[in-house]
Amino acid sequence: MSANLSSILFLITGVLFILALRGLSSPETSRMGNFFGISGMILAIVVSILSVDIFFSNLVYFVIALSIGGIIGGIIAFKIPMTAMPQLVAGFHSLVGLAAVLVAVSAYYSPDSFGLGAFQNIKTASIIEMGLGVSIGAITFTGSIIAFMKLQGLMSGSPITFTGQHYLNALLGILIISLISYLIVDQSTQIFWLLIIASLLIGFLIIIPIGGADMPVVISMLNSYSGWAAAGIGFTLENTALIITGALVGSSGAILSYIMCKGMNRSFLNVILGGFGTDNTSSSTKEKTEHKPVKNGNAEDAAFLMKNASSVIIVPGYGMAVAQAQHALREMVDKLKKNDVKVSYAIHPVAGRMPGHMNVLLAEANVPYDEVFELDDINNDFANTDVAYVIGANDVTNPIAKTDPKSPIFGMPVLDVEKCKSVLFVKRGMSPGYAGVDNELFYRDNTLMLFADAKKMTEDIVKHLD
Amino acid sequence: MEIDPFIFRLSIFILSIFIGYFVVWSVTPSLHTPLMSVTNAISSVIIVGAIIASFSSIDGSNISFSNILGFFAVTLAAINIFGGFLVTQRMLQMYKKKEKNNNK
C-alpha cells in the first residue's frame, strides 16, 4: 500500500475516533459512537498490516499474539463486575503504557524497519520523540499498576509518604529531562535504559502518596498520560492515527482530571503532592465536635419517614459501591414510587473512585438516567425535598465546606442535603470521611443515623415498606 | 522553502488537542466512565507500532529481539482493544435498557 494512501486511511481512523467520543454526548448516540470506534480500530489494524512486508513465520506469531490478547480482553470485559470498573480502567492504562514502552524499545533496536535511521544513529527529532514516548509510557505503566493495586485492595489505600519524597521526585524529574536531552549526543543503550528505569521509578513514586478518595483524579491523570505516550510514539513513527488519538485521549484525561479537582476544590498540584489528613487543621476540627449525641434510627423509622414523604433525593457515594447496594436501592425506590413518592438521585462529581462511577452502578441497577442528576442541576431542589437518603457518602454532604474557612475541605462544592426536612445517613460507624473532617450534619436534630451495612440497611427498609 | 514534515504533524497534534477539548466537554457527565474505557480502547491504536515491530526483521527467517517485543506489545494492545471496546459496549447497553423501561 502506498504511503499516501495509508496516511489518508489513518486520517480516517482519527476521524472515526473523534466521532466515537462525540457519540458519548448522549446515551442515545453512544452506542453508535462505540461502533465508530471499533471500525476505526479495525481500519487502523488492517492498514498497518497491509503497509508492512509480511512473512509467514512472523504472521503466525502475530495472529497468535492477537488472539491471546483478544481472548483475555474479551473474558475480562464480560466477567468484570461493574463495581470493579475503576481498577479495570487503571489496569488497562498500565497495558497501554507498557505497550508504548515495548514499541519504543523495539524501534530503538531496529530503527531501520521503522524508517528512522540506523541503530544508535537515529534521526535527532525521532530520538527525542522516542525518549518522550518511552518515558511517559513507563510512568503510565508503573503509576497505573500502583493505582490498580490500591483500588483492588492489594495495597493500602492510605497515602504512603516519607521525608524528602518531593526532593527525590524533583531530582528524578530533572534526571529524566537531562537523559532525554543527552540522547541527542549519545544514543547508547545505557542512557536509553537508564531513562526507562528512572521513568518507571518516578511513576511508582508519584502515585504511592495519593490516597484512595483522590483516585478519581489519579485515574483521569493516568488516562491522560496514556494518551500523551501514544502521541509520543505517534511522532516517532510519523503516524497520524496515533498522533490524533494520543491528542484526543490526552486532552480527555486532562479535562476529567480538571473536573475532578474542581469537584474537590483542590488544585491538581495539591492532589499530586499528597493526600488529605496529613495537615494539622483537619485533626483540630475533628476534636471539637466529638462528644455530641446523635439520633440513632432503624430501618422501620427510615421506611416510615420515606413512605410518608412526597419527595426523596438519594445521595450515593463510594460506600454504596463497596456494599454493592445499588440493586437493593433500586428496589427500595420502586416501592417508594408505588407510594407516589417522587425520587431522584444526586451525584457529586467525585462520588466513587472514578469519574461517572455512581452513574454506571445505577445504570447497572436499571435506574433510568433521567432520574439521575449532577450537583449543579439538583442542588436547589434539596430545600423543597422531604427526605435525603445518603448512602455511603460523607464529605460531599458536609456543610462545613461552606462555613468554616479553616476546614481542609472549605470551598469544595457540596450537596445541600441539610436543607431537606430530614436526612437519613446510612453509615457503618461514626468514623469521619476521607478528608478526616467530622460531619456536623450527624448531630443535627433533623438527621437520623442508620448504622449498618448499606446493602443490608436498604434491604431492611424494603421489607418495612411493604 | 521546504516545510519540515514535523511541522505538519505538530499542526495535526495541536488541532487534535483542541478537537478533543471541545468534544470531551460535550460528553455528558453520566457517561464519564464509558468515556474513560473508550479512550483507553482507542489509545491502543498503538498496536500499529506493535505491528511494525512484529514484522521488522530484514531477512524474514530469524525472529529478532524487536519482533518478540512487537508480539508482546500486540498481545497487550489486543487485551486493551477487545477488553476496552467490549466493556464499553456492555456499559452502554445498560443505559439502553432503561430507555425501554422509561417508555413503557
Side-chain angles (χ1 to χ4, degrees), chain A residues 17 21-22 24-25 27 30-31 34 37-38 41 44 48 52 55 58 61-62 65-66 68-70 72-74 76-77 85 89 92 95-96 98-100 102-103 105-106 109-110 113 223 226-227 230 233 237 241 243-245 247-249 251-252 255 355-356 359-360 363-364 366 368-369 374, chain B residues 6 9 12-13 16-17 19-21 23-24 26-33 35-40 42-43 45-46 48-56 60 65-67 69-89 91-92 94-95 97-98 102:
Chain A
F17 287 163
L21 299 190
R22 178 71 196 144
L24 290 170
S25 57
S30 60
R31 279 171 299 276
N34 203 36
I38 295 170
M41 188 58 76
S48 33
V52 291
F55 30 91
N58 287 30
Y61 289 115
F62 169 74
L66 190 71
I68 293 175
I72 296 174
I76 294 173
M85 275 316 290
V89 169
F92 277 168
L95 299 183
V96 178
L98 185 57
L102 293 177
V103 171
V105 173
S106 169
Y109 281 101
S110 333
S113 19
N223 186 236
S226 68
I233 302 297
L237 306 185
I243 294 176
I244 297 176
T245 314
L248 291 176
V249 177
S251 56
S252 163
I255 290 173
N359 302 79
V360 169
E364 188 196 12
N366 283 330
Y369 58 81
E374 302 302 316
Chain B
F6 171 79
R9 285 190 285 273
I12 293 172
F13 180 64
S16 303
I17 291 177
I19 293 172
Y21 180 85
V23 170
V24 170
S26 75
V27 171
T28 165
S30 65
L31 291 175
H32 275 165
T33 298
L35 171 68
M36 298 201 80
S37 61
V38 87
T39 50
N40 183 75
I42 65 173
S43 59
V45 74
I46 200 147
V48 302
I51 290 171
I52 303 175
S54 301
F55 294 99
S56 68
F65 178 56
S66 291
N67 291 157
L69 295 178
F71 297 139
F72 262 117
V74 167
T75 309
L76 298 177
I79 294 177
N80 251 322
I81 292 171
F82 284 82
F85 280 122
L86 289 174
V87 87
T88 309
Q89 192 65 25
M91 274 190 271
L92 296 177
M94 299 187 313
Y95 284 82
K97 272 184 251 155
K98 276 154 298 142
N102 250 10

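Proteins come first, then strands; the chains are lettered A, B, ... in the order of their sequence lines, and each starts at number 1.
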[atom2] on [Y] to [atom1] on [X], rounded to 0.5 Å:
X       : Y       : atom1 : atom2 : value
A:Ile38 : B:Thr88 : CD1   : OG1   : 8.0 Å
A:Met41 : B:Ile81 : CE    : CD1   : 4.0 Å
A:Ile72 : B:Thr75 : CD1   : OG1   : 7.5 Å
B:Met91 : A:Asn34 : CE    : CG    : 9.0 Å
A:Ile76 : B:Leu86 : CD1   : CG    : 11.0 Å
A:Leu21 : B:Ile42 : CG    : CD1   : 4.5 Å

Item checked: Segment of B:Val48 engaging chain A (4.5 angstrom heavy-atom cut-off) ->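 Both parts, heavy atoms under 4.5 Å.
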
Check: With only heavy atoms counted, which part of B:Ile17 is less than 4.5 Å from chain A, the side chain, the backbone, both or neither?
Finding: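 Contact with chain A: backbone and side chain both.
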
Between [X] and [Y], is any pair of side-chain heavy atoms under 4.5 Å apart?
X        : Y       : answer
A:Val360 : B:Tyr95 : yes
B:Leu92  : A:Leu24 : yes
A:Arg22  : B:Val27 : no
B:Thr28  : A:Ser25 : no
A:Val96  : B:Ser43 : yes

- Task: Could you tell me whether the side chain of B:Arg9 and the main chain of A:Ile243 form a donor-acceptor pair under 3.5 Å?
- Result: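 No, the answer is negative, given that no donor and acceptor are paired below the 3.5 Å cut-off.
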
Polar side-chain atom of B:Thr33 near backbone of A:Gly356 as donor-acceptor pair, under 3.5 Å: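 At least one qualifying donor-acceptor pair exists.
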
* Asked: Which one, B:Val24, B:Ile79, B:Val74, leads in non-hydrogen pairs under 4.5 Å with chain A?
  ->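 Highest number of pairs under 4.5 Å: B:Ile79.
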
### Task
Check the side chains of B:Thr39 and A:Asn223 for a donor-acceptor pair under 3.5 angstrom, ignoring hydrogens and angles.
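Result is yes, a qualifying pair exists.
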
Derivation and outcome, ring-ring contact (aromatic ring centres under 6.0 Å, His included), residues A:Phe62 and B:Phe55: CA-CA 9 Å; A:Phe62 169 74; B:Phe55 294 99; 5.7 Å; yes

* Asked: side chain to side chain contact (heavy atoms under 4.5 Å, CB included) between B:Val45 and A:Phe17: does it pass, once the steps are laid out?
  -> CA-CA 10 Å; B:Val45 74; A:Phe17 287 163; 4.0 Å; yes

request  = Quick one: sort the A:Tyr109 and B:Phe65 rings into parallel, tilted or perpendicular, breaks at 30° and 60°.
outcome  =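 Rings of A:Tyr109 and B:Phe65: perpendicular, over 60°.
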
